[in-house]
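Reminder, nothing fancy here: chain letters follow the sequence lines and each chain counts from 1. These numbers were taken from a predicted model, which means no experiment stands behind them.
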Number of protein chains: 2
Amino acid sequence: MDKPARTGRVTIRTVAADAGVSVAAVSKVLRNAYGVSDNLREKVLQSIEKLGYRPSTAARGMRGRTFSVGVLLVGMDNPFLPPLVDGFKHAMGKAGYKTLIGVGEARTHVETALIESMIDMRIDGLLLIGPRISGEALNKYADQVPIAVIGHHEAGATGFDTANTNDFEGGRLATRALIDKGYRDIAMLCLTDNRRKEGEVWYEREKGYRAALAEAGLKKSARSFRITERPDDMQAELLSLLARPDLPEAFFCWSDIHGVPLINLARRKGLNIPGDLGLISFDNTAAAALPLIELASVDQTPGRLGATAADQLLTRIKGRTTPRHDLIAPELITRPSF
Amino acid sequence: MDKPARTGRVTIRTVAADAGVSVAAVSKVLRNAYGVSDNLREKVLQSIEKLGYRPSTAARGMRGRTFSVGVLLVGMDNPFLPPLVDGFKHAMGKAGYKTLIGVGEARTHVETALIESMIDMRIDGLLLIGPRISGEALNKYADQVPIAVIGHHEAGATGFDTANTNDFEGGRLATRALIDKGYRDIAMLCLTDNRRKEGEVWYEREKGYRAALAEAGLKKSARSFRITERPDDMQAELLSLLARPDLPEAFFCWSDIHGVPLINLARRKGLNIPGDLGLISFDNTAAAALPLIELASVDQTPGRLGATAADQLLTRIKGRTTPRHDLIAPELITRPSF
DNA sequence: ATGAAAGCGCTAACAA
DNA sequence: TTGTTAGCGCTTTCAT
């Protein structure tokens, strides 16, 4: 006895009735499962088209796949993110998955709330970009849903995957370029961070910086300065850095987030770049390439990073359980700032 | 006969069993519905806490609210968006709603796919920021879910709400400021756009620009130039603009998207700003405030815009059906670029 | 005030 | 190959 929906909504039942088949048949067509004749499939597809039917993700979430994945961002104002998210979206889209985004505001409890919220919607996978939470806490979520992490090195993690630029290599690359240009007193700008520095991208870059100095016999000259990420205080800290009597000959800067304002302030202070001060930064964002900026910067190929994470998620969804920790080679984009 | 869940998942049943009450009771507590004694409520809340229970959004979506709303962005690289989305998120968060974001990539079919996908997840409301689709097409979705639009003027729409800066006033404000400074030959930079211009924010600003000129008896001197938004070609177009023999005394620029590169290129070309060329732009993004930029720009108070849209959605969810079209007053942020 | 039970729109055994 | 049906975890009448 067919119990037709009383609402106007087109459901799988409406389609089944219209096509004169069972709901199971429609479901099978939807998921291209085995055991459907071309004839039946054709009828169903026509009804779907005719009725404008779209399966309810909510209902799907109660049994199987939702064919949607989530991305968690720390904030929206990092210019490094758009190409990364695009690369990810594109790769997931080709596999038939929708991408939804949540913004964690760099606050741990907002971040966990968002992760849980996405899990509660039964998304099929989750990409975390530069998450505050990590390690132990992530494993807890990782057995509820496949997880990939970008922007945090955790090569020992077993429950989830990571995709990162080889930040160590990037730091080494940039520092070596400065050394090759003749600079000897090279300092590094890092991020002030109250979290454990182990695994942080800037810390990996710092290790690369120190390695390059050591290789050139300049180990003793290594100096790191820590600058805040908060826009309000950043400028003051950079200015007081530039006012130091022991200003180095060159800076390797962990990110364009600091690098672009730094080159701006230095020039405005009357310093010639690269005459008085050499500068290489990291991320190669659009701002670094601007006419009046022209800041050399290490490129992370963010699109590839995103696509790599997408592949990790897709293969996890298909059943892989052995962890993957992919490292992508960075490239120095040379500009006349050093 | 209690049929306990076989999976390890904590469901409403697990909680009911633990608290020794019915699932209906738990559901009522969850939604603070009427008819629950403080005693029962207390027991249930304790069990929820103890078991770490979180209701499944997917299951909720099949009957009532999901307590999540969606935001559709055209792209992620507009620096105007982060504070807007933050204002929205914050207001929705206070009302107990989660915010999920989709990125439309400025392609119509991606946009519609995303809107439908969010509706299929049974989100309770949808905010569209600068959507490509509009009017008729939106009404179709508006009777499936409450919709608010930012960044597109559609004061006649009845099915959904809009929240916008008073762009006409903003254009008038900026142009009048240039006139007051003594400029007479003032041109405007608009966006190249193959859509209908009616309703577009830049077009409203252009109307304000022309109104201000007319009010000052300068109607005849009005000139608009149209520049692409695509980063690849934008610079070339701006350069050829600056190379014109009939360069105006000042520009009013529809957005910092063009304004910031323009001031950069003009300075690099050797022009003194404001000596040789006066400049006022729109959006007051972070870049406009940078030391080496200092571009006067009309502020849109994006946070308020977001909060306004949130209020529209929340009241629609509560049952309002009469449309709201809110206009927010802009403010000119004066900087030495004119 | 509390609980039993009927769905919501799907998926996936299992039967036919 | 096709159809029947038992849930998935919740909300919401309707009894009690």
A/Thr57-B/Asp120 side chain donor-acceptor pair, cut-off 3.5 Å: no
Side-chain N or O of A/Ser27 closer than 4.0 Å to phosphate OP1/OP2 of C/dT11: yes
Out of D/dT11, C/dG9, D/dT2, whichever nucleotide has its closest atom nearest the side chain of A/Ser37: D/dT2
A/Arg60-A/Thr66 side chain donor-acceptor pair, cut-off 3.5 Å: no
Among D/dG9, C/dC10, C/dG3, the nucleotide that comes nearest once only the side chain of B/Ala24 is considered: C/dG3
Whole angstrom value for the distance that separates C1' of C/dG9 from CZ of B/Arg122: 8 Å
Distance, rounded to the nearest Å, where B/Met62 contributes CE and C/dT11 contributes P: 11 Å
Short side-chain N/O contact to C/dC10 OP1/OP2 from A/Tyr53, under 4.0 Å: yes
C/dT11 phosphate, OP1 or OP2, under 4.0 Å from A/Arg65 side-chain N/O: no
Protein-nucleotide distance (A/Arg31, atom CZ; C/dG9, atom C1'), rounded to Å: 13 Å
Intermediate values then yes/no, salt bridge (Lys or Arg N to Asp or Glu O under 4.0 Å), A/Arg132 and A/Glu111: CA-CA 8 Å; A/Arg132 297 190 79 77; A/Glu111 206 167 85; 5.8 Å; no
Closest to side chain of B/Ile12, choosing from D/dG9, C/dC10, D/dC10: D/dC10
Short side-chain donor-acceptor distance under 3.5 Å, A/Arg41 and A/Ser37: no
Whichever of A/Val23 and A/Asn39 has its nearest DNA chain D nucleotide further upstream toward 5': A/Asn39
Euclidean distance, atom CZ of residue B/Arg60 to atom C1' of D/dT12 [Å, nearest integer]: 14 Å
Rounded distance in Å - CD1 (B/Ile119) to C1' (C/dG9): 17 Å
Closest to the B/Ser56 side chain, choosing from D/dC10, C/dT11, D/dG3: D/dC10
